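Here is the structure we will look at, set down as structure tokens.
If you're wondering where the values come from, they're calculated on a predicted model, not measured in any experiment. Per chain, numbering begins at 1; letters A, B, ... match sequence-line order.
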2 protein chains.
Amino acid sequence: ALGAWGHPKSVDLTAEDVRNCLTSPPYLPVTVVNTTARLADLRHQMQIKNLSAYIIPETDAHMSEYIGTRDKRRAWMTGFTGSAGTAVVTIGKAGLWTDSRYWTQAERQMDCNWELHKEVDTTSIVIWLLAEVPVGGNVGFDPFLFSIGSWESYDMALINSNIKLVSITPNLVDQAWGSEKPLVLSQPIYALQEAFTGSTWQEKVSDIRSQMQKHPKAPTAILLSALDETAWLFNLRGSDIPYNPFFYSYTLLTNSSISLFVNKSCLNSETLKYLNSDCPGSMCVQVKDYSQVRHNVQAYASGNVKIWIGTSYTTYGLYEVIPKEKRIEDTYSPVMVTKAVKNSKEQALLKASHVRDAVAVIRYLVWLEKNVPKGTVDEFSGAELLNKFRGEEQFSSGPSFETISASGLNAALAHYSPTKEVHRKLSSDEMYLLDSGGQYWDGTTDITRTVHWGTPSAFQKEAYTRVLIGNIDLSRLVFPANTSGRMIEVFARRALWDVGLNYGHGTGHGIGNFLCVHEWPVGFQYGNIPMAKGMFTSIEPGYYQDGEFGIRLEDVVVVVEAKTKYPGSYLTFEVVSLVPYDRNLIDVSLLSPEQIQYLNHYYETIRKKVGPELQQRQLLEEFEWLQQHTEPLSAKAPHTTPLASLLAVFSLAIFSCSV
Amino acid sequence: ALGAWGHPKSVDLTAEDVRNCLTSPPYLPVTVVNTTARLADLRHQMQIKNLSAYIIPETDAHMSEYIGTRDKRRAWMTGFTGSAGTAVVTIGKAGLWTDSRYWTQAERQMDCNWELHKEVDTTSIVIWLLAEVPVGGNVGFDPFLFSIGSWESYDMALINSNIKLVSITPNLVDQAWGSEKPLVLSQPIYALQEAFTGSTWQEKVSDIRSQMQKHPKAPTAILLSALDETAWLFNLRGSDIPYNPFFYSYTLLTNSSISLFVNKSCLNSETLKYLNSDCPGSMCVQVKDYSQVRHNVQAYASGNVKIWIGTSYTTYGLYEVIPKEKRIEDTYSPVMVTKAVKNSKEQALLKASHVRDAVAVIRYLVWLEKNVPKGTVDEFSGAELLNKFRGEEQFSSGPSFETISASGLNAALAHYSPTKEVHRKLSSDEMYLLDSGGQYWDGTTDITRTVHWGTPSAFQKEAYTRVLIGNIDLSRLVFPANTSGRMIEVFARRALWDVGLNYGHGTGHGIGNFLCVHEWPVGFQYGNIPMAKGMFTSIEPGYYQDGEFGIRLEDVVVVVEAKTKYPGSYLTFEVVSLVPYDRNLIDVSLLSPEQIQYLNHYYETIRKKVGPELQQRQLLEEFEWLQQHTEPLSAKAPHTTPLASLLAVFSLAIFSCSV
């Protein structure tokens, strides 16, 4: 699955698709939401709190990547449903700031109450605030929706101004939203079976406490805000967030107590017993109500304590109640960093889920091969079928993100997903990109394959092969322990660069054991922590030809020790995803002997690991398909090297052979 | 030439070589300097200024890499002459902070007045200060020897303490040093002939002023503090700094005036005329005394002005006299950034200097080949001879840094240079590393070659070849315009990583036109600006086997546009250094056909560019040597690929040939 994507993409539009606020009356397409009443309600709330402006980000109180409907405040307020963007409302105006991916969508969904600002940095919002807010005016924000970093950047920018930044609870959009706001449905929280956990929660708590003890600044507690931190620590799962098996929660783990803040009614007696919730000791979990977290942290912070936090996932709402001298700040909490390295059981679990996931994907690819030529498959129905196949796998717990099932030119669009209403037919005449993943009790998966069932163009083959080379070259790289992913991701780009091609997104992200599909802080991006043995990350180079096609080849890999000729602490990757690439799109003459050798070795691994699974399940057609698609590739004579020319001469002069 | 080197290296020592402050009386080797009187003098000065501590960095008022004797205050004060390290003196104690490269040297040179702190970060100095300085005490520093960054880090660290950081001028060590301090010798400042400049100073001034006009924050002036900024802007050179043709100077360039702060007596009437120093207009240079810069900047800053500075090279001494709201801060000044991209004339000049430099290096290598087997050459006499050869080249102006001429195990030491007294004999039994460069009126050069005149071990050949592959792979890389060097330097390491080898220093640095041999902000390190067409940088991977040998292969390259198969804005490098590598050390079987092709192309270029120069100069033996050492290499059958095995079979079965 893709993270942030850098390049804007253009879409064909007609004037009727977007609003026109310059005509009188303004032209509004049917997709627009009328926000006049909502804005009036919000402004009423703002006046009660004496605010000249109110900032509305699209996030939740845990800095989650996917947020629940109840947290889509900016979407409700503006009508604009894109995943990135910030709204700011003053008494007289309303503005939305978003990036180029979403400009068109915003013009389709927002009414003329809203100005669209085609920028995203805090500076541009602040410049607007300085112009719109009267001297002495207050700018309100919900501290639970501000990361420490965003608070700091607003605070810094307004420091010498005549405008005051004011933390306001509870949320004013919620007040305006009122009874229309979706209820939080109480979904049960459950403990994972021991078979699916790397260690017990008691072992994890002891490990984190021992890290606290060893810390030179002597923290007395850690505060966990990210939903996957608490889920991981207690081996608990829920279903409050789409695609993520999480439940709304916080944890305050001190050296003598454990407080878990959740919706208490979601824990049944068995789970409460599992958590030792009825004792007062240091290994007993005190279950407290979710809404009490701020008050509890504040009370704890009044003592002689030091609270260790990861600033990336802590909101200003909790940060501001801890006195500065009582905070120990790291970018990521020790839970985040510990979770990043999977122990051997967790590794085995994640690998096992990838074998079954490969079965589902292979079943789908086999089915496509037969059905696409009939002209009966579209992007949406295809994705549905894939979900069905995944659902039939053992331990399945739904998709890990919204499937990107994109045919032809749609595959060049960032974050495209088909809908029941809008989708494209799959065809043997164009390429098809499938980026999808599953949640299983033993692991989270994420894989992208790109296929062509007809005759790809030479350029498509070349681009595909160069993307594949990038994937191979990064996967087989040997690098020193502790190297950051950011330093080595260029190996996934070199073969594309060579001919003037590139891609505008990151090269990969961490992944969890039945947790996040984009699990920080592992990966190849800025801010990721250095690579260490036992980390799992995706490797996903791509190439996108606007208006024509898109290619991405994504595998999940695990960081393993490399056995180098000379002794040293070196690492490399072992591929965990087990689905063959499309032979129809590989130009073997572009591959070096080492790349071919690597690929054939990977194919052997697929056969060894997935083959028996298919046989055992009587998926004989799929088994046959797998054998065909994992036949060893053999080198064709490349065109440019002396070696090869010599070889060609030999071949011609003496006998013909297929090398 | 090497920049910062990360790894500590061990040296064999006996107890007599280093001080022992634990015995009574302390044991002091003869290399130690007695600092008791100096410390008493300094403490007297501190008491006059009411200081509890005084910080003494080793730098000059221009943040120069090489500093003159008059600026070696920390060396004079402590006895320790290493190039990196900070001293701090309190009334009762004295401490030196330096990195692992220098720990032994410090123990050899410092008497027992000094504590050695084996750390370098500001934090560790501040922790010490907090323990040693009484509450309310003042910590003094010379603001002209503090970069803005170092001032900020001390200031930040002491902000909530009871200790005050106090900027003190003039320098207290100078007061203590008194008449013993070396005089600043008045070296003439001269204008470069027009043939050696890329543009006139008037053109450069106009260009910088036009950048000021286009700047959104509307600067009215720029302030130049780095010595090469002023030298570059006016096409002036001097000789105040060893290895660098610079003169102590500052420039305040406003939209209506130009002030040059120098030792006026170093400018003769011709140069004054060249600078239009006798008129009042905006294109006339007002020459002012070097010592007046702070006063002048402060006076200018009292007006309605905005001064644009590069924070990396501006000291706190000038920064503190400009009110915050009148500063426009960038990491590098526009002069620094403009200078980084050489125009076509500057490129031609730099390339020409490298042709002549290659002649000098080749003469030396030929001479070594004949004389080393006789056992009459040592590291020091060799370096002297190389200097002589460079000196005989047209436009020569001395070496661009102290030659690293290192035989055998010495080549594994960071920053090793032989002396007249201490050096090693060159031998056919060991490797020899030569890292050297010249200053010429048309360019600065820097090249490293490693050679072996006897029979290298298999490991030496492998390591050498892998270093060479790194050099080749980075040199031939095609990458998108605006990529930062830091992102791509891993290509120089991959072949070493593959077998568990690496090097602990950076991969390259910018270089100037008769300016700095380490010219910022170009290169492959953190803080370097993105690559652009016309930049020159070194590429210098290496490998070091402690106690045995060292390998480095360094070439200067220029960034050029890459012609890619598909259109796009891509760059690559063109190698400017023109000296063959040592064939004796290349294991051709490790090279890919593409690498061999690249290498042979490079050899052709050397023949084409250096060959005629040698012939014209009647250096026929050298010409012969060049032909031999640039014979095209041909692929040997590698061991692991199907292609190659097939080829081997062919060769054996049918006829034998040398491919």
Side-chain angles (χ1 to χ4, degrees), chain A residues 160 324-325 459 462-463 473 476-480 483 486-491 493-502 545 562-572 592-594 596-597 600 632-638 640-647 649-651 653-655 657 659, chain B residues 160 324-325 459 462-463 473 476-480 483 486-491 493-502 545 562-572 592-594 596-597 600 632-638 640-647 649-651 653-655 657 659:
Chain A
N160 284 321
K324 192 184 169 194
E325 67 279 9
F459 179 52
E462 176 174 4
D473 280 357
R476 71 194 183 100
L477 183 73
V478 173
F479 56 94
T483 300
R486 183 108 177 109
M487 290 298 294
I488 55 176
E489 67 109 48
V490 288
F491 288 100
R493 300 181 188 269
R494 195 199 52 83
L496 288 163
W497 286 357
D498 238 10
V499 291
L501 308 179
N502 200 0
Q545 185 72 22
K563 287 175 198 70
T564 50
K565 182 171 175 185
Y566 303 105
S569 190
Y570 283 77
L571 302 172
T572 189
S592 73
E594 292 79 10
I596 292 177
Q597 194 183 328
N600 288 338
L633 293 167
S634 49
K636 288 183 194 159
T640 52
T641 70
L643 243 181
S645 347
L646 183 68
L647 187 62
V649 169
F650 277 154
S651 308
I654 301 150
F655 55 83
C657 66
V659 262
Chain B
N160 283 323
K324 192 185 169 193
E325 66 278 9
F459 179 54
E462 175 174 5
D473 281 357
R476 71 195 184 100
L477 183 73
V478 173
F479 55 94
T483 301
R486 182 105 177 111
M487 290 297 295
I488 54 176
E489 68 109 47
V490 287
F491 289 100
R493 300 182 188 269
R494 197 201 50 84
L496 288 163
W497 286 358
D498 239 9
V499 291
L501 308 179
N502 200 0
Q545 185 74 21
K563 287 176 198 69
T564 50
K565 183 171 175 186
Y566 304 105
S569 190
Y570 283 78
L571 302 172
T572 188
S592 73
E594 291 79 11
I596 292 176
Q597 194 182 330
N600 288 339
L633 293 167
S634 48
K636 287 183 195 162
T640 52
T641 71
L643 245 183
S645 347
L646 182 70
L647 186 64
V649 170
F650 278 154
S651 308
I654 301 150
F655 55 82
C657 67
V659 261

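Residues A:Asn502 and B:Tyr570 share a closest heavy-atom pair of CB-OH, 3.4 Å. A:Trp497 and B:Pro480 make their closest contact through CE2-CD, 3.2 Å (heavy atoms, listed as atom of the first residue, atom of the second, distance).
Between atom CD of residue B:Gln545 and atom OH of residue A:Tyr566 there is a gap of 9.5 Å, rounded to the nearest 0.5 Å. From A:Met487, atom CE reaches atom CZ of B:Arg493 across 7.0 Å, with rounding to the nearest 0.5 Å.
Contact count versus chain B (heavy atoms, under 4.5 Å) is highest, among A:Thr483, A:Asp498, A:Ile488, for A:Asp498. Counting heavy-atom pairs closer than 4.5 Å to chain A, the top residue among B:Thr564, B:Val499, B:Val490 is B:Val499.
The contact between B:Leu477 and chain A is made entirely by side chain atoms (from C-beta outward), counting heavy-atom distances below 4.5 Å. Proximity to chain B (any heavy atom under 4.5 Å) is shown, for A:Arg486, by both the backbone and the side chain. Using a 4.5 Å cut-off between heavy atoms, A:Phe479 touches chain B through backbone and side chain atoms alike.
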